[in-house]
Amino acid sequence: MELPFWNREIERLPKKNLKNLQLERLKNTLERIYEKVPVYRKKFQELGITPSHLKSLEDIIKFPFTTKEDLFIDYPYGLLAVPLEEVVRVHTSSGTTGKPKAIFFSKKDLETSAELIARCLVMTGATKEDILQNSMTYGLFTGALVMHYGAEKVGILVIPAGPGNTERQIELMKTFGTTLLHMTPSYALYVASVILEKGLIPQKDLKLKTAYLGAEPYSEQTRRKIEEMLDIQVYNCYGLSEMNGPGVGFECPYKEGLHLWEDNFLVEIVHPETGEPVKEGEIGELVLTTLNREAMPLIRYRTRDLTRIISEPCACGRTHIRISRILGRSDDMFIVRGVNIFPQQIEEVLMGIKGVAQNYQIVLENYDEMIVKVEIDREFFDGRIERLLYLKNEITEKLRQTILVRPKVELVEPGTLPISEGKAKRVIDKRTL
Ligand code: ADP
Ligand code: ZN
């Protein structure tokens, strides 16, 4: 069966043509920022470099990085490459880590971001017959609005639900016959658990087919858990405000990595400390250059997100590069007893254990101990202490095998840990408070 495409020609553009297009757009981007953005001109001059030093795509490494801190130089308008009157929208990052970064869109940028989302949605089989419940936060955060316009472009009916009020979310699903969901994975786990607790049978009582989950890292185990709970397909959706928001990386039906639209982004993976390119296929920090952005082009942007490139061609026929799911942000990593740990490693173990419910929390009180609070399915609280003890041991052992540190596991009843409607805060680090 021929899989659907939104823009067949560009999505299957032969690699060579794609590279040529990238080079042409990269040249253009470098020339524009050199001419129009004093912040960049200064950076180029400091390195003694001009756009003419770019002869091939590989030459990108001669150019300066843009860091999160750079976005605050001449804040908020310092990185604009067009006059302010050409700008039609501002978004800010959700501010998970510090002061919000301001990102500006021209009319053309809004069209492009919608086009990229349209490619993503159609890639996963969405059509104009679908109904999307968009449960990301509307407003300054890119998550909801960028998805919203992209879905409308496909002709999808969009329910601008926003996050939270889970009862209402479920009512909306029932009333309008929602087929597609867009939310964070942590919230999806919660919503799924409420749907099941209410005794609803997803296949019968709801029309859900697909969920686009992103805005925070999650593991393959979590994906499977949600797919099973709701009997749907879950696709990983990666993005960051600095690069338009959602739809920067998106899974195709093969779910073996996220495609990145290379006609719009140039992808590099560098060592998070040295900034040097890593060997092909190695894990490192994702660095992105916008190739088709008008209002606020960014070059070599250090995302701090860790991933690796999957270079084999994808069975779906798209020629655009794939990255693995995001393993975490370099700033998410924490250290206990000298061991580097990412919250996602813990999530992966927990979500694969039968009896573990949807919520958990990691508490760090000192440098030697990690407390993992885990919500357990209600049926375990039936008075049989040995079942609880057995489960607690299983969790402790499996975590120890993966992260090499023996955690202190506390089992709690479902509904006792804070619920997240947007990005979950999994780690409470009291050491730095
Ligand atoms: P903030 O940095 O304030 O959270 P954004 O709201 O723009 O800003 O969020 C972008 C970040 O969210 C990404 O850099 C990444 O760390 C995380 N993220 C987004 N989507 C995913 C995903 N599918 N998997 C893992 N992490 C994600
Ligand atoms: Zn594919």
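None of the values given here were measured: they were computed from a predicted structure. Start at 1 and go down the list; that is how both ligands and their atoms are numbered.
Of the heavy atoms in P100, none comes closer than 4.0 Å to ligand 1. With a heavy-atom cut-off of 4.0 Å, R325 does not touch ligand 1 at all. Residue contacts with ligand 1 for L240 involve both N, CA, C or O and side-chain atoms from C-beta outward (heavy atoms, distance under 4.0 Å). By the criterion of a heavy-atom distance under 4.0 Å, neither the backbone nor the side chain of T142 is placed next to ligand 1.
Under the rule for a side-chain hydrogen bond (donor to acceptor under 3.5 Å, both in side chains), the partners of E397 that lie at least two apart in sequence or sit in another chain are R400, R406. With sequence neighbours excluded, the residues that form a side-chain contact (heavy atoms from CB on, under 4.5 Å) with K62 are I49, D59.
Counting heavy atoms only, G239 comes closest to atom 10 (C) of ligand 1 of the residues G239, S330, G245.
Using a 30° and 60° split on the angle between ring planes, W261 and H259 fall in the parallel class, below 30°. Using bins of under 30°, 30° to 60° and over 60° for the plane-to-plane angle, the ring pair Y212/F250 lands in the tilted bin.
Taking a cut-off of under 4.0 Å to the non-hydrogen atoms of S241, the atoms of ligand 1 that pass are 5 (P), 6 (O), 7 (O). Of all atoms in ligand 1, numbered sequentially from 1 with element shown, those under 4.0 Å from a heavy atom of G214 are 23 (N). The K101 neighbourhood of ligand 1 comprises atoms 2 (O), with distances under 4.0 Å to a heavy atom of that residue. Numbered from 1 in the order shown, with element, the atoms of ligand 1 that lie under 4.0 Å from a heavy atom of N236 read 22 (C), 23 (N). The ligand atoms of ligand 1 that sit less than 4.0 angstrom from a heavy atom of F141 are 6 (O).
An N or O contact shorter than 3.5 Å links R329 to ligand 1 by distance. Not a single N or O atom of Y218, backbone or side chain, sits closer than 3.5 Å to an N or O atom of ligand 1. For ligand 1, the polar-atom distance check against C237 finds a nitrogen or oxygen pair separated by under 3.5 Å. On a distance-only criterion, T303 and ligand 1 share no N/O pair closer than 3.5 Å.
The only member of M243, H320, R119 that meets side chain to side chain contact (heavy atoms under 4.5 Å, CB included) when paired with N264 is R119. Each of R223, K255, K209 was compared with Q233 under the side-chain hydrogen bond (donor to acceptor under 3.5 Å, both in side chains) criterion, and only K255 meets it.
The shortest heavy-atom distance from R304 to ligand 1 is not under 4.0 Å. Within the 4.0 Å heavy-atom cutoff, K423 counts among the residues contacting ligand 1.
For F65 and Y301, the gap between ring centers reaches or exceeds 6.0 Å. Separation of the F105 and H91 ring centroids falls under the 6.0 Å cut-off. Remark: aromatic rings of F63 and F44 are close, center separation under 6.0 Å.
The Zn ion (ligand 2) has C252 SG, H259 NE2, C314 SG, C316 SG as its protein N, O or S neighbours under 2.8 Å.
For the residue pair S56 and E58, a side-chain donor N or O sits within less than 3.5 Å of a side-chain acceptor on the partner.
At least one side-chain heavy atom of M370 sits under 4.5 Å from a side-chain heavy atom of F334. Two residues are said to be in side-chain contact when any heavy atoms from C-beta on lie closer than 4.5 Å; P160 and H148 meet this criterion.
Legend: salt bridge (charged side-chain N to carboxylate O under 4.0 Å, His left out) pairs involving residues 264-278, not counting sequence neighbours, sorted by first then second residue: E268-R300.
N134 places a side-chain N or O within donor-acceptor distance of the main-chain N or O of A144, the cut-off being under 3.5 Å.
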